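Beneath this line is the structure, given in structure tokens, with notes to follow.
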Amino acid sequence: MSTRIAFLKGHGTENDFVIVPDPDNTVDLSPAAVAALCDRRAGIGGDGLLHVVRSAAHPEARAMAAEAEWFMDYRNGDGSIAEMCGNGVRVFARYLERAGHVSAGDVAVATRGGVKTVHIAKEGDITVGMGRALLPAGDVTVSVGGRSWPARNVNMGNPHAVAFVDDLAHAGDLLTPPPYSPAAAYPDGVNVEFVVDRGPRHVALRVHERGAGETRSCGTGACAVAVAAARRDGADPARTGTPVTYTVDVPGGTLVITERPDGEIEMTGPAVIVAEGVIETEWLENALD
């Protein structure tokens, strides 16, 4: 490990990330190291970490190297590995543009949830092709305090439970994972979204992200919510033959989600790089003692 590790800090609708550029995959980022870096008091602070690696240099991404030069090796704030992060992909693409690795236009990014197509507008927001949602069968229930709600099981490359509620305050503090049943529905844990209506095809959410707690935004969660809302509203594009778009308010801003008749989902929103610097490896080593 070198004496210093470069990093940047970025966010997408206030879902924030530590970014570690490491094209050749030489930086050892153990779960404990990631958790230390994401610590908001003793580290840099972030909901997660974006490890930027060339696909050909990472064993989990080599098979995707022909389609996508860059791999988003995403980690949750507690150091655990996640399949996909929608806000993270936008920030990842913004970093690639800033570093001169890509230009405005279409960019392919490899993730554990597959290769994602990203469109970087010359000015403004970034659109991510999020793939298709899977809707596993079976009833799911989530609970907070003495309340329980039925939830829609939606998989966006990572698992979600979407519950429609009357008031976002019913979600409680979301510091701990909301209980759910049956446990077999989510053997590796789940992201839980609590949703209220704001208007026609306009909803708002709060989310507990597995491995991070409540976050200011969740891109895959916003997609899952839009899919669940469309099914609830009888607007399944596969049946109507017409794309459906939902505006999804998150605590950190607004995302626009479109689902097409072929099932493909696009998410559009901002991505911002706010700082860059270096990590002192002596600090990191001490933090792991």
Side-chain angles (χ1 to χ4, degrees), residues 1-2 5-12 15-31 33-34 37-38 46-77 79-121 125-134 155-159 188 209 211-212 218-220 223 264-269 271-273 276 279:
M1 186 178 286
S2 61
I5 302 169
F7 81 93
L8 298 91
K9 181 74 184 285
H11 76 91
N15 195 187
D16 62 333
F17 309 96
V18 178
I19 305 162
V20 178
D22 182 23
D24 298 321
N25 197 27
T26 60
V27 178
D28 180 17
L29 288 171
S30 67
V34 171
L37 290 169
C38 291
D47 293 322
L49 183 143
L50 306 175
H51 185 204
V52 184
V53 185
R54 281 197 168 87
S55 297
H58 199 289
E60 293 184 68
R62 285 186 187 124
M64 296 180 276
E67 297 178 72
E69 180 181 2
W70 295 96
F71 173 54
M72 184 180 77
D73 175 17
Y74 180 71
R75 317 293 182 87
N76 292 314
S80 60
I81 290 173
E83 302 90 340
M84 173 59 184
C85 177
N87 287 317
V89 172
R90 295 200 320 279
V91 174
F92 188 93
R94 183 68 80 201
Y95 163 75
L96 293 179
E97 179 191 36
R98 175 191 175 101
H101 297 309
V102 302
S103 302
D106 291 336
V107 178
V109 175
T111 76
R112 290 186 177 86
V115 175
K116 305 301 178 184
T117 300
V118 181
H119 181 79
I120 305 172
D125 291 345
I126 292 178
T127 298
V128 180
M130 299 290 288
R132 295 175 172 85
L134 299 177
N155 193 293
M156 286 298 309
N158 58 358
D188 299 316
E209 286 197 64
C218 177
T220 56
C223 293
E264 289 293 327
I265 298 169
E266 292 183 344
M267 174 184 63
T268 300
V272 181
I273 303 296
E276 62 180 315
I279 301 160

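Predicted model, so just to flag it, every value in this text is computed and none were measured. All values below come from the heavy atoms of this structure, side chains included, with hydrogens, waters and symmetry mates left out.
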Over all atoms of both residues, closest heavy-atom pair of [X] and [Y]:
X	Y	value
Met267	Cys223	CB-SG, 4.0 Å
Ala56	Ala65	N-CB, 3.9 Å
Ala57	Pro23	CB-O, 3.7 Å
Val34	Asn76	CG1-O, 3.5 Å

Using only atom types and a distance under 3.5 Å, with no angle test, would you say the side chain of [X] pairs donor to acceptor with the backbone of [Y]?
X	Y	value
Asp24	Thr26	no
Ser55	Ala68	yes
Arg94	Ala271	yes
Arg75	Leu29	yes
Asn25	Val53	no

From [X] atom [atom1] to [Y] atom [atom2], the distance as rounded to the nearest 0.5 Å:
X	Y	atom1	atom2	result
Tyr95	Ile273	OH	CD1	9.0 Å
Cys218	Met156	SG	CE	10.0 Å
Glu60	Arg62	CD	CZ	10.5 Å
Met72	His51	CE	NE2	12.5 Å
Leu49	Leu37	CG	CG	6.5 Å
Ile120	Thr127	CD1	OG1	10.5 Å

- Stepwise side-chain contact (heavy atoms from CB on, under 4.5 Å) test for Phe92 and Cys85: CA-CA 10 Å; Phe92 188 93; Cys85 177; over 6 Å; no
- Task: Please step through side-chain contact (heavy atoms from CB on, under 4.5 Å) for the pair Asp73 and Arg112, ending with a clear verdict.
- Result: CA-CA 8 Å; Asp73 175 17; Arg112 290 186 177 86; 2.6 Å; yes
- side-chain contact (heavy atoms from CB on, under 4.5 Å) evaluation trace for Ile5 with Val20: CA-CA 8 Å; Ile5 302 169; Val20 178; 3.9 Å; yes
- Item | Test log, rule side-chain hydrogen bond (donor to acceptor under 3.5 Å, both in side chains), inputs Thr220 and Asn158 | CA-CA 8 Å; Thr220 56; Asn158 58 358; 3.2 Å; yes
Under a 4.5 Å cut-off applied to non-hydrogen side-chain atoms, are [X] and [Y] in contact?
X	Y	answer
Thr268	Ile126	no
Thr111	Val89	yes
Met130	Glu264	no
Arg54	Glu69	yes
Ile81	Tyr74	no

- Query: Taking NZ, NE, NH1 and NH2 as the nitrogens, is one of them in Arg90 or Asp125 under 4.0 Å from a carboxylate oxygen of the other?
  - Reply: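 Answer for the salt bridge query: no.
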- Presence of salt bridge, Lys9 and Glu276, under 4.0 angstrom: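 Result for this pair is no, no salt bridge flagged.
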- Run the side-chain contact (heavy atoms from CB on, under 4.5 Å) check on Asp106 and Val118 step by step: do they pass? CA-CA 6 Å; Asp106 291 336; Val118 181; over 6 Å; no
- What is the ring orientation for Trp70 with His101, classed by angle as parallel under 30°, tilted 30 to 60°, or perpendicular over 60°?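 The rings of Trp70 and His101 sit tilted, inter-plane angle from 30° to 60°.
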- Task: State whether a side-chain donor-acceptor pair under 3.5 Å links Asp16 with His11.
- Result: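 Judged by distance alone, the side chains do not pair up.
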